[in-house]
Amino acid sequence: MYPRHDWRPLPAARGEVHLSTDMPALRTGSGDFLRLHDLPGPGRLPTYRYLLRVRRAALERDERARASRWPEGRRSVLVLGRGRLSRALAAELARSGAEVIRDDGTRRPPRADAVVDVREVPQRPDPESDERLEHVTTGGAVLLRGRREGGHMLIFPIVVDGSEATPDQVSRRRLAASPAAPELSSWLSSGHRDPRPLRRATLTLTVARCLAILEDWAADDPELAEHRRLLRVVGDGPRERTHTVLGFDEPAPRPQDSAR
């Protein structure tokens, strides 16, 4: 039977410490256990100074972990939009260690390593938005897009080199595979915007999935290849539906007949 001991929160940092002589340890915010050494002598002041040292070491360790999770050249993330979903994504990315840049659409957005355009609006043609995205992705930035469709969120394949399926190609593939293509086409063309707020479960799962995709990109994880070809449909349940959608070359425009 292991002895029970008191653990105390580490001041102004994630984690708890245990300062008994038989089992001095630090439990970090990530759940790791680290042995502590050179315990302080009796008295509040030595203990306080020791806790400050442990706190500083824990914060430095967390900072190194965040830097390794988002290495240089894959660290700055531009989050477009100003709605509830955009705010939640920006907050979680910052908490994960990314350098988040916010843009509300009122000015020409700055450049970044990655651009996140995941919002609670329906997918529809928007030449002005497309021009802004072309500006911010010029130079090699990856692009993660998502749009609302009724009570669902669609997360499109992450764009790394431009060979991935575009949102328009995704729509055409869906229509080609749908047993109710005329109805789906009519509904999508209407640009219907559900006035009800997105359910919390859908919003939470969307944020979690987008964060996982972007962290895999930052780490150059093998899972990135799958993210580049999957359309994800997030509903109000605990699961998501995925569909493989590959990009394809658009046919060349038909040449105009030369004037006779």
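Quantities reported herein were computed from a predicted structural model and do not represent experimental measurements.
The two residues Tyr50 and Asp38 have their closest heavy-atom pair at CE1-O, 3.1 Å. Taking all atoms of both residues into account, the shortest heavy-atom contact from Thr202 to Gly235 is OG1-O, 2.8 Å. For Ala165 against Val170, the heavy-atom pair with the smallest separation is CB-CG2, 4.1 Å. Closest non-hydrogen pair, Leu39 versus Pro24, comes out as CD2-CB, 3.7 Å. Listed here is the closest heavy atom pair of Arg119 and Gly81: CD-CA, 3.7 Å. Listed here is the closest heavy atom pair of Pro110 and Leu78: O-CD2, 3.4 Å.
The backbone N or O of Arg232 lies less than 3.5 Å from no partner atom in the side chain of Thr242, so there is not a single donor-acceptor pair. Panel note: side chain Ser185, backbone Ala181; no donor-acceptor pair is recorded below 3.5 Å. Listed for the Arg44 side chain is no donor-acceptor partner under 3.5 Å among the backbone atoms of Pro46. Not a single donor-acceptor pair under 3.5 Å links the side chain of Arg174 to the backbone N or O of Gln169. Side-chain N or O atoms of Arg87 include one that pairs as donor or acceptor with a backbone N or O of Arg82 at under 3.5 Å. With hydrogens and angles ignored, the 3.5 Å screen pairs a side-chain donor or acceptor of Arg75 with a backbone N or O of Trp70. Checking side-chain atoms of Ser186 against main-chain N and O of Pro182 turns up no donor-acceptor pair under 3.5 Å. Looking at Glu63, its side chain never comes within 3.5 Å of a backbone N or O of Arg61 through a donor-acceptor pair. Checking side-chain atoms of Ser76 against main-chain N and O of Asp113 turns up a donor-acceptor pair under 3.5 Å. Formation of a donor-acceptor pair under 3.5 Å by the Arg229 side chain with backbone atoms of Ala225 is found in this model.
Note: Leu26 CG to Glu16 CD = 8.5 Å, rounded to the nearest 0.5 Å. With values rounded to the nearest 0.5 angstrom, Leu59 atom CG is found 7.5 Å from Leu10 atom CG. The distance from atom CZ of Arg111 to atom CD1 of Ile101, rounded to the nearest 0.5 Å, is 11.5 Å. Atom CZ in Arg66 sits 11.5 Å away from atom CD in Glu99 (nearest 0.5 Å). Between the CD atom in Glu120 and the CZ atom in Arg147 there is a gap of 11.5 Å [rounded to 0.5 Å]. Atom CG of Leu143 sits about 8.0 Å away from atom CG of Leu80, to the nearest 0.5 Å.
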Go through it in stages, so that I can follow the logic: the residues are Arg241 and His152, the test is side chain to side chain contact (heavy atoms under 4.5 Å, CB included), and I'd like the CA-CA distance, side-chain angles, deciding distance and then a yes or no. CA-CA 11 Å; Arg241 290 183 286 119; His152 298 77; 4.2 Å; yes
Applying side chain to side chain contact (heavy atoms under 4.5 Å, CB included) to Leu205 and Met153, what does each step give before you reach the verdict?
CA-CA 10 Å; Leu205 187 54; Met153 282 296 302; over 6 Å; no
Practice prompt. Starting from the C-alpha separation in whole Å, work towards a yes-or-no answer on side chain to side chain contact (heavy atoms under 4.5 Å, CB included) for Arg55 and Leu51.
Written response: CA-CA 6 Å; Arg55 171 183 174 272; Leu51 288 176; over 6 Å; no
Given Leu224 and Ile158, is the side chain to side chain contact (heavy atoms under 4.5 Å, CB included) satisfied, shown in steps? CA-CA 9 Å; Leu224 180 61; Ile158 186 171; 4.0 Å; yes
Would you mind writing out the side-chain donor-acceptor pairs for residues 210-222 within the sub-3.5 Å range, not counting sequence neighbours?
unit_1 : atom_1 : unit_2 : atom_2 : d
Glu215 : OE2    : Ser96  : OG     : 2.5
Asp216 : OD2    : His227 : NE2    : 2.8
Asp221 : OD1    : Glu223 : N      : 2.8

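Hydrophobic clustering (side-chain heavy atoms under 4.5 Å, transitive across Ile, Leu, Val, Met, Phe, Trp, Tyr) groups Val79 together with Val142. No path of Ile, Leu, Val, Met, Phe, Trp and Tyr side chains, each step under 4.5 Å between heavy atoms, connects Leu154 with Val121, placing them in separate hydrophobic clusters. Following chains of ILVMFWY side-chain contacts shorter than 4.5 Å, one can reach Ile155 starting from Leu203, so the two form part of one hydrophobic cluster. Leu230 and Leu144 are members of different hydrophobic clusters when ILVMFWY side chains are connected at heavy-atom separations under 4.5 Å. Note on Leu198 and Val233: separate hydrophobic clusters, where clusters join Ile, Leu, Val, Met, Phe, Trp and Tyr whose side-chain heavy atoms are under 4.5 Å apart, directly or indirectly.
Within 6.0 Å of the CZ atom in Arg49, the count of heavy atoms belonging to other residues, nucleotides or ligands does not exceed 12.
In this view, Arg95 and Glu92 satisfy the side-chain hydrogen bond (donor to acceptor under 3.5 Å, both in side chains) rule, not counting sequence neighbours.
The aromatic rings of Phe33 and Trp7 lie perpendicular to each other, with more than 60° between the two planes, well past the 30° mark.
For the residue pair Asp161/Ser163, the side-chain donor-acceptor check at 3.5 Å is satisfied.
With respect to Asp117 and Arg145, a salt bridge is recorded, a charged nitrogen being found less than 4.0 Å from a carboxylate O.
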